[in-house]
Amino acid sequence: MRAHPGEVAVQRRNGVAHDRGSSRTRPEIPEVAAAFLRAQRMILIGAADDLGRPWASVLTGPAGFATAAGERTIVLRALPGAGDPLHGLFESERDLGLLAIEPHTRRRMRVNGGAVRDGDTLVVRTEQVYANCPKYIQTREPTSAPGTPAVLGHGTALDLRHSDLIAAADTFFIATRAEGYGADVSHRGGNPGFVRVTGPRSLEFPDYPGNTMYMTLGNLELDPAAGLLFPDWERGGTLQLTGRARVEWGAEPVVRFELDAYVDRAGTLPAGWTAPGYHRFNPPA
């Protein structure tokens with residue numbers, strides 16, 4: 001697999017001598033990954049809409065709704081519903097990033113490839129399958145089932161409730177893409193306050209040290225478009241943002257995000273979760 005020029009540029013900027021990014025991954029789904037998928041009740045996906053704007057979204061279902069149907073195929077028995085910015089976009093195949101994350105065990109796996117709707121399912125053709133470390137994942141486990149999805153609002157500027165949700169967040173997800181190199185969705189976590197709202201259309205967050213693959217920052221190096229998803233664990237909803245992100249490099253890289261549009265939805269997650277257990281490597285916010 002060819003090297004991703006954005007990842008290589010970021011790696012060199014950070015003193016990583018050899019390419020450790022997406023070109024080192026494999027397309028096959030190992031049995032341990034297939035077993036992990038079958039146990040999941042929540043899957044994050046990321047893709048760009050027809051305007052090229054990335055969005056992150058969440059799909060939920062009973063254990064077994066996500067399965068491996070071959071060494072390079074994943075079947076999700078769920079689709080982005082009405083009101084989701086990704087609803088209806090998979091009639092033909094498009095790039096997709098997928099993240100299966102199990103907060104209570106801090107385990108996660110990522111898949112990048114292409115996806116297309118087949119009846120009531122989303123069929124994912126895998127190009128990159130790999131695991132990530134447990135850093136910055138807060139432990140929590142659902143104590144209820146998701147409700148009925150509904151759109152609470154949409155717009156181009158955050159209101160006070162949105163700002164409060166973001167400022168208190170310990171977890172969010174980010175979707176990026178680069179033409180010719182596919183889409184990706186990744187986890188970001190830290191102590192509450194690690195994301196700072198800097199205006200009705202802007203926010204910023206530090207990029208904590210990770211696995212030096214730099215797949216998110218590598219995509220941003222080539223295309224600043226990004227989508228963020230903030231879970232509302234207490235109410236069982238999600239706040240989806242799309243806009244542009246740029247990295248300011250320093251002793252600690254900071255990502256500054258400018259909002260283009262948001263969708264505020266209820267009923268997309270369980271409204272009951274156990275209290276979070278913060279990761280011991282979370283830096284002070």
Side-chain angles (χ1 to χ4, degrees), residues 1-30 32-33 36 44 46 48 54 56 95-101 106-113 126-138 170-191 194-196 203-228 243-257 278-285:
M1 185 179 296
R2 60 180 176 157
H4 187 302
E7 295 168 4
V8 171
V10 175
Q11 288 162 12
R12 289 176 178 169
R13 186 179 290 126
N14 286 276
V16 179
H18 303 287
D19 178 18
R20 295 171 52 87
S22 57
S23 65
R24 300 294 185 180
T25 63
R26 297 177 61 86
E28 295 84 15
I29 306 164
V32 65
F36 180 69
L44 280 299
D95 293 337
L96 180 89
L98 180 153
L99 170 67
I101 185 167
R106 294 193 169 109
R107 296 175 65 199
R108 53 180 159 165
M109 64 171 286
R110 285 163 71 180
V111 174
N112 296 333
T126 64
E127 295 289 347
Q128 301 162 357
V129 180
Y130 56 104
N132 275 164
C133 74
K135 265 186 175 179
Y136 316 125
I137 297 176
Q138 321 326 327
D170 59 36
T171 300
F172 72 93
F173 303 93
I174 178 168
T176 57
R177 65 182 292 273
E179 189 66 33
Y181 293 92
D184 179 76
V185 64
S186 181
H187 163 275
R188 291 292 186 272
N191 288 337
F194 87 109
V195 184
R196 298 177 291 274
L203 58 87
E204 63 184 31
F205 55 91
D207 192 76
Y208 294 147
N211 55 21
T212 69
M213 295 177 76
Y214 296 117
M215 295 177 76
T216 296
L217 299 192
N219 279 347
L220 293 178
E221 187 83 2
L222 303 183
D223 186 337
L228 311 183
R244 286 149 289 110
R246 60 184 174 88
V247 184
E248 290 194 357
W249 298 99
E252 177 185 71
V254 174
V255 181
R256 305 194 190 281
F257 178 83
Y278 298 113
H279 197 283
R280 63 192 177 93
F281 288 158
N282 287 352

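Keep in mind that the numbers below use all heavy atoms, side chains included, and drop hydrogens, waters and symmetry copies.
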Please examine the side chains of [Y] and [X], heavy atoms only from C-beta on, and report whether any two atoms are closer than 4.5 Å.
X    : Y    : value
Q128 : R110 : no
P253 : E248 : no
L222 : P5   : yes
L217 : W249 : yes
M109 : N132 : no
D207 : R188 : yes
R106 : I101 : no
S186 : M213 : no

Check your understanding: Would one find more than 12 heavy atoms of other residues, nucleotides or ligands at under 6.0 Å from atom CD of E252?
Key -> yes
For residues [X] and [Y], is any side-chain donor paired with an opposing acceptor at under 3.5 Å?
X    : Y    : value
S22  : R24  : no
N282 : Q138 : yes
D184 : N219 : no

Exercise for review: Assess whether side chain to side chain contact (heavy atoms under 4.5 Å, CB included) is satisfied between L203 and L228, documenting all intermediate values.
Suggested key: CA-CA 11 Å; L203 58 87; L228 311 183; 3.9 Å; yes
Exercise for review: Over all heavy atoms of both residues, which pair between D95 and A183 is shortest? Give the atoms and the distance, please.
Suggested key: CB-N, 3.8 Å
Study note, to complete from the structure: All heavy atoms of A175 vs all of P54, minimum pair found to be O-CB, 3.7 Å
Practice item. Flag the pair F172 / F205 as yes when their ring centroid distance falls below 6.0 Å, and as no otherwise. Key: yes
Point to revise | Ring center gap for Y208 and Y136 short of 6.0 angstrom | key: yes
Partners passing side chain to side chain donor-acceptor pair (under 3.5 Å) against [X] (at least two apart in sequence or in another chain):
X    : result
N211 : none
T126 : none
D170 : R140
Y181 : R2

Study note, to complete from the structure: Hits for salt bridge (charged side-chain N to carboxylate O under 4.0 Å, His left out) against E127, two or more places apart or cross-chain, chain-then-number order -> R72, R125
Practice item. Please test I174 against T176 for side chain to side chain contact (heavy atoms under 4.5 Å, CB included), starting from the C-alpha separation and ending with a verdict. Key: CA-CA 7 Å; I174 178 168; T176 57; 4.1 Å; yes
Which value, rounded to the nearest 0.5 Å, describes the distance between [X] atom [atom1] and [Y] atom [atom2]?
X    : Y    : atom1 : atom2 : result
L44  : F173 : CG    : CZ    : 4.5 Å
H187 : K135 : NE2   : NZ    : 13.0 Å
N112 : T25  : CG    : OG1   : 7.5 Å
T216 : E7   : OG1   : CD    : 9.0 Å
F194 : T171 : CZ    : OG1   : 6.5 Å

Exercise for review: Can you run down the salt bridge (charged side-chain N to carboxylate O under 4.0 Å, His left out) pairs that involve residues 211-224, sequence neighbours left out, and say none if there aren't any?
Suggested key: R13-E221, R177-D223
Check your understanding: Can you check whether A100's main-chain N or O pairs, donor with acceptor, with R108's side chain at less than 3.5 Å?
Key -> no
